[in-house]
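In what follows, a structure is listed as structure tokens, so that the remarks can point back to it.
The model shown is predicted, which means the values in this text are computed figures rather than measured ones.
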Amino acid sequence: MAKRGGFPGAMPGNMNNLMKQAQKMQRQMEETTKTLEDKAYTATSGGGAVSVTVSGKKEVTAVKLSQEVVDPEDIEMLEDLIMAATNEAFRQMEEENSSAMAKLTGGLGGGLGGGFPF
């Protein structure tokens, strides 16, 4: 007589354990995501003349400019400095997010089966 439900050859207890582990990992990921969203990342450019802060929610929350960097004759330089600082702040945020999630998942994000025992 064939067994009902589950995977052929798999022990029912193992599936329950796998489900519990998956639920625990999901809770940890939600908590980590919330923690990361509450963080702020600040980067500067132009030797500190421009400072940009972004949140873990990928929103620019502050831009600070030194008076000496504001030159009406060279708006392009100021735009470049703001862009550079913003991109660096987002890069820092993404790097920390990736690192935190990799710790939780044990590097499972690299494709199907990359850490699963099947």
Side-chain angles (χ1 to χ4, degrees):
M1 185 144 208
K3 293 181 184 177
R4 292 184 180 193
F7 293 102
M11 298 175 68
N14 288 343
M15 276 306 289
N16 287 338
N17 286 339
L18 187 59
M19 291 300 292
K20 286 179 184 176
Q21 288 175 347
Q23 289 170 345
K24 180 181 176 185
M25 184 183 292
Q26 183 177 3
R27 279 192 308 274
Q28 289 174 327
M29 289 178 76
E30 288 170 358
E31 291 169 5
T32 299
T33 298
K34 174 70 173 121
T35 299
L36 291 170
E37 285 179 349
D38 291 342
K39 287 191 166 196
Y41 304 86
T42 301
T44 63
S45 65
V50 173
S51 172
V52 175
T53 302
V54 300
S55 73
K57 292 180 182 180
K58 301 180 181 180
E59 298 171 337
V60 175
T61 58
V63 175
K64 296 191 190 252
L65 308 173
S66 295
Q67 195 169 11
E68 65 269 7
V69 79
V70 182
D71 179 0
E73 301 296 319
D74 195 0
I75 296 296
E76 259 184 51
M77 180 192 68
L78 180 56
E79 291 169 343
D80 289 345
L81 291 173
I82 292 170
M83 185 172 52
T86 302
N87 287 336
E88 175 60 18
F90 279 124
R91 188 200 62 73
Q92 290 174 14
M93 185 259 311
E94 289 292 338
E95 185 178 294
E96 186 169 340
N97 286 353
S98 294
S99 176
M101 289 303 169
K103 285 179 187 174
L104 284 179
T105 62
L108 295 179
L112 188 60
F116 286 108
F118 53 86

- With sequence neighbours excluded, give me every side chain to side chain donor-acceptor pair (under 3.5 Å) pair touching residues 45-56. Thr42-Thr53

- Message: Distance check, rounded to the nearest 0.5 Å: Gln26 atom CD versus Thr33 atom OG1?
- Response: 10.5 Å

- Task: Answer yes or no: is there a side-chain heavy-atom contact under 4.5 Å between Gln92 and Glu96?
- Result: no

- Decide yes or no for Gln21 and Leu18: does some side-chain heavy atom of the first lie under 4.5 Å from some side-chain heavy atom of the second? yes

- Item | Sequence neighbours excluded - side chain to side chain donor-acceptor pair (under 3.5 Å) pairs with any residue from residues 60-76 | none

- Item | Met25 CE to Thr32 OG1 distance, which is reported to the nearest 0.5 Å | 11.0 Å

- Query: Atom CG in Asn97, atom CE in Met93: separation rounded to 0.5 Å?
  - Reply: 6.0 Å

- Hey, what do you get for CG (Leu65) to CG (Leu78), rounding to the nearest 0.5 Å? 5.5 Å

- Query: For Lys20, what residues pass the salt bridge (charged side-chain N to carboxylate O under 4.0 Å, His left out) criterion, not counting sequence neighbours?
  - Reply: none

- By salt bridge (charged side-chain N to carboxylate O under 4.0 Å, His left out), Glu37 pairs with (sequence neighbours left out) none

- Task: Measure the CG-CE distance between Leu36 and Met29 for me, rounded to the nearest 0.5 Å.
- Result: 10.5 Å

- Note on the structure: So the salt bridge (Lys or Arg N to Asp or Glu O under 4.0 Å) pairs with at least one residue in residues 78-95 (sequence neighbours excluded) are Lys58-Glu94, Glu88-Arg91, Arg91-Glu95

- Message: Quick one, Arg27 and Gln23 - any side-chain contact, counting heavy atoms below 4.5 Å?
- Response: yes

- Task: Check side chain to side chain contact (heavy atoms under 4.5 Å, CB included) between Val60 and all other residues, then give those that pass, not counting sequence neighbours.
- Result: Val52, Val54, Val63, Thr86, Phe90

